[in-house]
**Q** 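One structure is given below, represented as structure tokens, and several questions about it will come after.
Letters A, B, ... mirror the listed sequences (proteins, then strands); counts begin at 1. Since we're looking at a predicted model, the values are computed, not measured.
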There are 2 protein chains.
Amino acid sequence: MNSDQPKAIDVIHVLMRSSTYIRTEFQAQLAALNTPYHLTGPRLRLLSTVAEAGKIRMNELAVKLGIKARTVTDFVDALEQDKLLIRLPDPTDRRATLIELTELAQSTIEQALAYQDKIADSVLENLSAEQRKHFFDLLIQITNNKTISDFCEESAR
Amino acid sequence: MNSDQPKAIDVIHVLMRSSTYIRTEFQAQLAALNTPYHLTGPRLRLLSTVAEAGKIRMNELAVKLGIKARTVTDFVDALEQDKLLIRLPDPTDRRATLIELTELAQSTIEQALAYQDKIADSVLENLSAEQRKHFFDLLIQITNNKTISDFCEESAR
DNA sequence: TATTGTTATACTCTATAACTATA
DNA sequence: TATAGTTATAGAGTATAACAATA
């Protein structure tokens, strides 16, 4: 068929390289915002998840983000130090901790998220609307049936 | 047409998540090989680049891999310690260092690369040949005109 | 006995800055 | 003055294991 069928490993190399590029790009662009706190893609993703939920338990956060509870602890530590969120005891379960955005975060997160959207758009600017949709679908398809606990939950949000 | 046009940031989240999944998958699968040395995707990529070249300078390696010289130093340190490659002085330039695979690496790298190809195939198993090609093209397109400078060395000037 | 989150620890990939030794 | 590679340092994202408090 396609004599120019790329090898799987080559596809993956390009994918990994793109992800490194994107991570770097987000870090650089977000740093350029010169906010008094430090923002990155993953941090913003956590913040926006909290924003959506209002209050949310750390373990729920871990599930939604597809990362481990221990990793959430680190993010929350850092973001709490930057005064972007606070820990609250869960009144219904004394083992649990609820996370809530601070006023500081609430008053600036919209802005940051809007800016993040711009960065995202510029990263994908080479794709037409149709291509973007197609790309998205292919990404989803790749991780179907295999990502089990990590991916299944949240991909369609 | 597509009223469900995904937001760029969502596409990127899925992409980043995929890359994490893939990195983890490669690490786990390669670790399961139980080789006396430690292999990961990026290490294997460096090794196969050396294999292809026979002998290659560290700075060339950095360019080919799209990473910084300092990063190459770390990889080479680790792989040299694992007896997979050796440093040789470049006879034509006493500042430069040539990298060459050891016999150990040469005798096993084919195997490791073949195994890596299998992992890669399994990671992309959900895509048809045509979809894979399309996915590859889209990835390339995303990074067109923008990554070349970013990937190589524009930032450090 | 199971779950929530933390302390302690680790590791991969990547980077900048300053420096040495050459060129 | 410019290049090759290293020492020193850093940081972002992620993880496992053992444990405390609570359920």
**Q** For residues 114-134 of chain B, pull every pair meeting ring-ring contact (aromatic ring centres under 6.0 Å, His included), keeping only residues two or more places apart or in separate chains.
**A** His134(A)-His134(B)
**Q** Who pairs with Ala62(A) by side chain to side chain contact (heavy atoms under 4.5 Å, CB included), at least two apart in sequence or on another chain?
**A** Val72(A)
**Q** Under the rule for ring-ring contact (aromatic ring centres under 6.0 Å, His included), what residues qualify as partners of Phe136(B), not counting sequence neighbours?
**A** none
**Q** Tell me which residues in residues 69-77 of chain B put a heavy atom below 4.0 Å from DNA chain D, sorted by number, or none.
**A** Arg70(B), Thr73(B)
**Q** Can you list everything that forms a salt bridge (Lys or Arg N to Asp or Glu O under 4.0 Å) with Asp10(A)? Sequence neighbours excluded, please.
**A** none
**Q** Quick check on contacts: within residues 87-99 of chain B, what sits under 4.0 Å from DNA chain C by heavy-atom distance?
**A** Asp93(B), Arg94(B), Arg95(B)
**Q** Under the salt bridge (Lys or Arg N to Asp or Glu O under 4.0 Å) test, which residues partner Arg132(A), sequence neighbours left out?
**A** Asp121(A)
**Q** Can you list the residues that meet the salt bridge (Lys or Arg N to Asp or Glu O under 4.0 Å) rule with Lys118(A), with sequence neighbours excluded?
**A** none
**Q** Describe, as an angle rounded to 10 degrees, how the axis at the first end of the helix from dT1(C)-dA23(D) to dA23(C)-dT1(D) is tilted relative to the axis at the last end, five pairs per end.
**A** 10°
**Q** What distance do Thr49(A) atom OG1 and Lys64(A) atom NZ have between them, rounded to the nearest 0.5 Å?
**A** 7.0 Å
**Q** For DNA chain D, which residues of residues 52-60 of chain B approach it to below 4.0 angstrom with any heavy atom?
**A** Met58(B), Asn59(B)
**Q** Among residues 27-39 of chain B, which residues get a heavy atom nearer than 4.0 Å to DNA chain C?
**A** Gln27(B), His38(B)
**Q** Which atom pairs, donor and acceptor, lie under 3.5 Å between side-chain atoms of residues 80-89 of chain B and protein residues at least two apart or in another chain?
**A**
| residue | atom | partner | partner atom | Å |
| --- | --- | --- | --- | --- |
| Glu80(B) | OE1 | Arg87(B) | NH1 | 2.7 |
| Glu80(B) | OE2 | Arg87(B) | N | 3.3 |
| Asp82(B) | OD2 | His38(B) | N | 3.1 |
| Arg87(B) | NH1 | Asp77(B) | OD1 | 3.1 |
| Arg87(B) | NH2 | Asp77(B) | OD1 | 2.9 |

